[in-house]
S.K.: 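Please see the structure below; I have some questions.
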Amino acid sequence: MTHLQAGLSAETLEKAKVELKENPETLHQDIQEVRDMIITRPDIGFLRTDDAFILRFLRARKFNHFEAFRLLAQYFEYRQQNLDMFKNLKATDPGIKQALKDGFPGVLSNLDRYGRKILVLFAANWDQSRYTFVDILRAILLSLESMIEDPELQVNGFILIIDWSNFTFKQASKLTPSMLRLAIEGLQVGAVMVVVYLCEVKKLS
């Protein structure tokens, strides 16, 4: 085990080896192979290229070097193309603060049986008078950026459950195709393994 795998439980180490093809003996070589590809994309500003950061992308793509680099490039390309999304990306930002207060996202304390962190969004809680859909997306991205620093979650991933019950037509009218595309692209390039469930919770009579 290398220092880059410090903090992983024995169970998660085995999972990384079997499911992600993570090999401690070749870990630094794997990371360097991804780093060496950066020169092929001079149009992108790679603002962070340290070992721990690149390892996130290798884990997200099961140590396929090309796919890991592709995701890394998409990550920074998305940030370059949506600069306003990442300005003052802090919990103290008024819009983000209000979104987090209303549970966008809510983060459960317990993991699921696969060790994944569970995030829950109740769409009907969106108060459009106080914050925008972009604020919600920024709050989700901020939360994921913070949690993905945990190596256990890099290996196990996340579950995002979106409950659409009681979501109104007025609220839906604010969701333009461009906004939805922005959200989908943001989740796809976050260097995390996110499984999204869309559901409607039915109340028992």
Side-chain angles (χ1 to χ4, degrees), residues 5-16 18-20 22 52-53 55-62 71 75 78 85-86 89-128 130-168 171-172 174-175 179-180 182-205:
Q5 295 177 308
L8 292 179
S9 66
E11 181 181 358
T12 304
L13 278 171
E14 182 63 18
K15 182 176 182 179
V18 174
E19 297 185 15
L20 306 186
E22 183 169 326
F53 186 71
L55 180 56
R56 286 167 40 176
F57 295 85
L58 279 164
R59 285 171 170 162
R61 289 296 179 264
K62 298 185 178 182
L71 183 61
Y75 174 88
Y78 179 82
M85 282 278 295
F86 296 93
L89 191 67
K90 301 176 181 178
T92 54
D93 175 84
I96 293 178
K97 185 176 181 179
Q98 290 293 346
L100 290 172
K101 185 177 179 181
D102 281 357
F104 292 103
V107 182
L108 302 189
S109 57
N110 294 330
L111 305 174
D112 76 352
R113 61 177 176 170
Y114 301 108
R116 296 176 295 192
K117 178 67 75 172
I118 304 171
L119 287 72
V120 182
L121 280 73
F122 294 92
N125 288 354
W126 177 18
D127 186 342
Q128 296 170 319
R130 294 190 299 159
Y131 50 92
T132 67
F133 177 76
V134 172
D135 289 323
I136 293 175
L137 178 56
R138 277 161 49 82
I140 295 172
L141 292 177
L142 174 63
S143 299
L144 289 173
E145 283 283 349
S146 175
M147 289 185 287
I148 199 59
E149 294 294 332
D150 183 344
E152 287 277 333
L153 296 180
Q154 291 174 17
V155 174
N156 294 316
F158 296 81
I159 291 289
L160 174 59
I161 301 173
I162 304 177
D163 174 20
W164 293 101
S165 58
N166 301 316
F167 191 66
T168 66
Q171 290 172 313
K174 299 292 185 179
L175 298 178
M179 287 182 178
L180 292 174
L182 185 70
I184 292 171
E185 290 176 353
L187 288 174
Q188 287 178 336
V189 302
V192 295
M193 291 174 279
V194 181
V195 178
V196 181
Y197 290 104
L198 306 179
C199 65
E200 183 173 352
V201 176
K202 302 292 186 180
K203 293 183 178 179
L204 298 177
S205 57

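These values consider heavy atoms only, across backbone and side chains, with no hydrogens, waters or symmetry-generated copies.
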S.K.: Would you say Leu182 and Tyr78 make side-chain contact, with heavy atoms under 4.5 Å?
M.R.: yes
S.K.: Tell me the closest heavy-atom pair linking Thr132 and Asp135, and the distance in Å.
M.R.: N-OD2, 2.9 Å
S.K.: Return the minimal non-hydrogen interatomic distance between Leu137 and Ala183, and the atom names on each side.
M.R.: CD2-CA, 3.6 Å
S.K.: Of all heavy-atom pairs between Leu187 and Leu160, which one has the smallest distance, and what is that distance?
M.R.: CD1-CD2, 4.1 Å
S.K.: Nearest 0.5 angstrom please: Gln154 CD to Thr12 OG1, how far?
M.R.: 11.5 Å
S.K.: Which heavy atom of Ala139 sits nearest to which heavy atom of Pro105, and what is that distance?
M.R.: O-CD, 3.9 Å
S.K.: Using a strict cut-off of less than 4.0 Å between a Lys/Arg side-chain nitrogen and an Asp/Glu carboxylate oxygen, indicate whether Glu152 and Lys15 qualify as a salt bridge.
M.R.: no
S.K.: About how many Å separate CG of Asp93 and CD of Gln98, when rounded to the nearest 0.5 Å?
M.R.: 10.5 Å
S.K.: Do Ile96 and Lys90 touch side chain to side chain, with heavy atoms closer than 4.5 Å?
M.R.: no
S.K.: Given 3.5 Å as the limit, does a donor-acceptor pair link the side chain of Glu22 with the main chain of Leu13, or not?
M.R.: no
S.K.: How long is the straight-line distance from CH2 of Trp164 back to CZ of Phe122, given to the nearest 0.5 Å?
M.R.: 13.0 Å
S.K.: What heavy-atom pair brings Ala99 and Ile136 nearest, and what distance separates the two atoms?
M.R.: CB-CA, 4.1 Å
S.K.: At their closest point, which heavy atom of Asn125 faces which heavy atom of Tyr131, and how far apart are they?
M.R.: O-OH, 3.3 Å
S.K.: Would you indicate whether the side-chain heavy atoms of Phe86 and Leu141 approach each other to under 4.5 Å?
M.R.: yes
S.K.: When you look at CD of Glu149, are more than 12 heavy atoms from neighbouring residues, nucleotides or ligands closer to it than 6.0 Å?
M.R.: yes
S.K.: Could you measure the distance from the OH atom of Tyr114 to the CD atom of Glu19? Nearest 0.5 Å is fine.
M.R.: 10.0 Å
S.K.: Between Arg116 and Asn156, is there a donor-acceptor pair closer than 3.5 Å when you use the side chain of the first and the backbone of the second?
M.R.: no
S.K.: Can you tell me how the ring of Phe167 sits relative to the ring of Trp126, calling it parallel under 30°, perpendicular over 60° and tilted otherwise?
M.R.: parallel
S.K.: Just how far is it from atom CD1 of Ile118 to atom OG of Ser109, taken to the nearest 0.5 Å?
M.R.: 9.0 Å
S.K.: Any non-hydrogen side-chain atom of Arg138 less than 4.5 Å from a side-chain atom of Met85?
M.R.: yes
S.K.: For the side chain of Gln171 and the backbone of Ala124, is there at least one donor-acceptor N/O pair under 3.5 Å apart?
M.R.: yes
S.K.: I'd like to know if Asp150 pairs up with Lys117 as an ion pair, taking the criterion as any Lys NZ or Arg NE/NH1/NH2 lying under 4.0 Å from an Asp or Glu carboxylate oxygen.
M.R.: no
S.K.: Roughly how far apart are Leu89 CG and Leu142 CG, rounded to 0.5 Å?
M.R.: 4.5 Å
